[in-house]
Amino acid sequence: MREMLSPTSAIIGMGLIEDVALITDGRFSGGSRGAVIGHVSPEAAEGGLIAVVQDGDLVEIDFENRRLNLLIEEKELERRYAKLKKFKVKEAVGVLQRYSFLVQSASSGAILRKD
């Protein structure tokens, strides 16, 4: 789970802090500020909604219900999911390899699977 301080710093540096929301399945440190939403789950690698968002899409942020809504037609959403390629773990060795194959989603605590 990547740390998002660099992207938030870039948004601030470009003067867009009032105009941009950063939505990610990554994590934020205490140094981030602005409209930032992290730990989105299911993650893009698991086929979560953020995996099919494209440039120019409108995303509704429903803070009260803790939901993201992609404002596209249902048929288009189905088409995008049909084209989505299964995420493949990059080569890793040792503990990182074990972690990449066995870790659960962040919504489950990002702990190792027991099965």
Side-chain angles (χ1 to χ4, degrees):
M1 191 179 296
R2 295 192 60 204
E3 208 292 319
M4 295 287 117
L5 188 55
S6 293
T8 56
S9 296
I11 290 168
I12 292 167
M14 292 188 297
L16 299 173
I17 192 71
E18 299 294 325
D19 303 310
V20 172
L22 177 60
I23 301 169
T24 179
D25 51 7
R27 62 188 173 83
F28 294 101
S29 69
S32 296
R33 59 185 195 141
V36 294
I37 301 166
H39 295 266
V40 173
S41 183
E43 292 84 352
E46 288 191 1
L49 182 65
I50 63 174
V52 296
V53 174
Q54 295 180 0
D55 287 347
D57 286 344
L58 293 178
V59 177
E60 176 185 60
I61 304 170
D62 182 349
F63 289 103
E64 188 173 307
N65 294 303
R66 301 179 65 142
R67 295 195 49 84
L68 296 175
N69 299 308
L70 183 54
L71 303 179
I72 61 174
E73 297 289 328
E74 189 65 31
K75 292 268 188 207
E76 175 63 12
L77 184 62
E78 291 171 8
R79 185 187 71 75
R80 290 183 190 184
Y81 271 119
K83 288 177 59 177
L84 189 62
K85 295 179 182 171
K86 184 166 173 64
F87 177 77
K88 291 187 180 189
V89 176
K90 293 179 182 175
E91 269 191 53
V93 294
V95 174
L96 289 178
Q97 182 181 40
R98 180 172 185 255
Y99 179 83
S100 68
F101 286 114
L102 298 176
V103 72
Q104 294 182 39
S105 170
S107 66
S108 301
I111 59 174
L112 294 181
R113 292 182 178 95
K114 294 180 180 178
D115 53 358

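Under the side chain to side chain donor-acceptor pair (under 3.5 Å) criterion, Asp62 pairs with Asn65, not counting sequence neighbours. For Ser9, there are no side chain to side chain donor-acceptor pair (under 3.5 Å) partners at least two apart in sequence or on another chain. Residues satisfying the side chain to side chain donor-acceptor pair (under 3.5 Å) criterion with Glu78, sequence neighbours excluded, are absent altogether. A search for side chain to side chain donor-acceptor pair (under 3.5 Å) contacts involving Glu64 returns nothing, not counting sequence neighbours.
Here the closest non-hydrogen pair linking Gly47 and Leu84 is CA-CD2, 4.0 Å. Nearest heavy-atom pair across Ile61 and Ala21 is CD1-CB, 4.1 Å. Closest approach of Ala51 to Ala44, counting heavy atoms only: CB-O, 3.5 Å.
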- Task: Any chance you could lay out the side chain to side chain contact (heavy atoms under 4.5 Å, CB included) test for Gln54 and Ile72, step after step, and finish with the verdict?
- Result: CA-CA 10 Å; Gln54 295 180 0; Ile72 61 174; over 6 Å; no

- Message: Applying side chain to side chain contact (heavy atoms under 4.5 Å, CB included) to Val53 and Ile23, what does each step give before you reach the verdict?
- Response: CA-CA 11 Å; Val53 174; Ile23 301 169; over 6 Å; no

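Contact check for Arg80 versus Asp57: side-chain heavy atoms found under the 4.5 Å cut-off. In this structure, Leu49 and Leu77 have side chains that are in contact, with non-hydrogen atoms separated by less than 4.5 Å.
Other residues, nucleotides and ligands place no more than 12 heavy atoms under 6.0 Å from the CD atom of Glu18. No more than 12 heavy-atom neighbours from other residues, nucleotides or ligands sit within 6.0 angstrom of CD on Glu73.
A chain of hydrophobic side-chain contacts below 4.5 Å, direct or via other Ile, Leu, Val, Met, Phe, Trp or Tyr residues, connects Val36 to Met14.
Ile12 belongs to a hydrophobic cluster whose other members, connected by ILVMFWY side-chain contacts under 4.5 Å either directly or through intermediates, are Ile17. If you chain together ILVMFWY residues whose side-chain heavy atoms come under 4.5 Å of each other, Leu71 ends up grouped with Leu58.
The one candidate from Thr24, Leu68, Val59, Leu70 that meets the side-chain contact (heavy atoms from CB on, under 4.5 Å) condition with Ile50 is Leu68.
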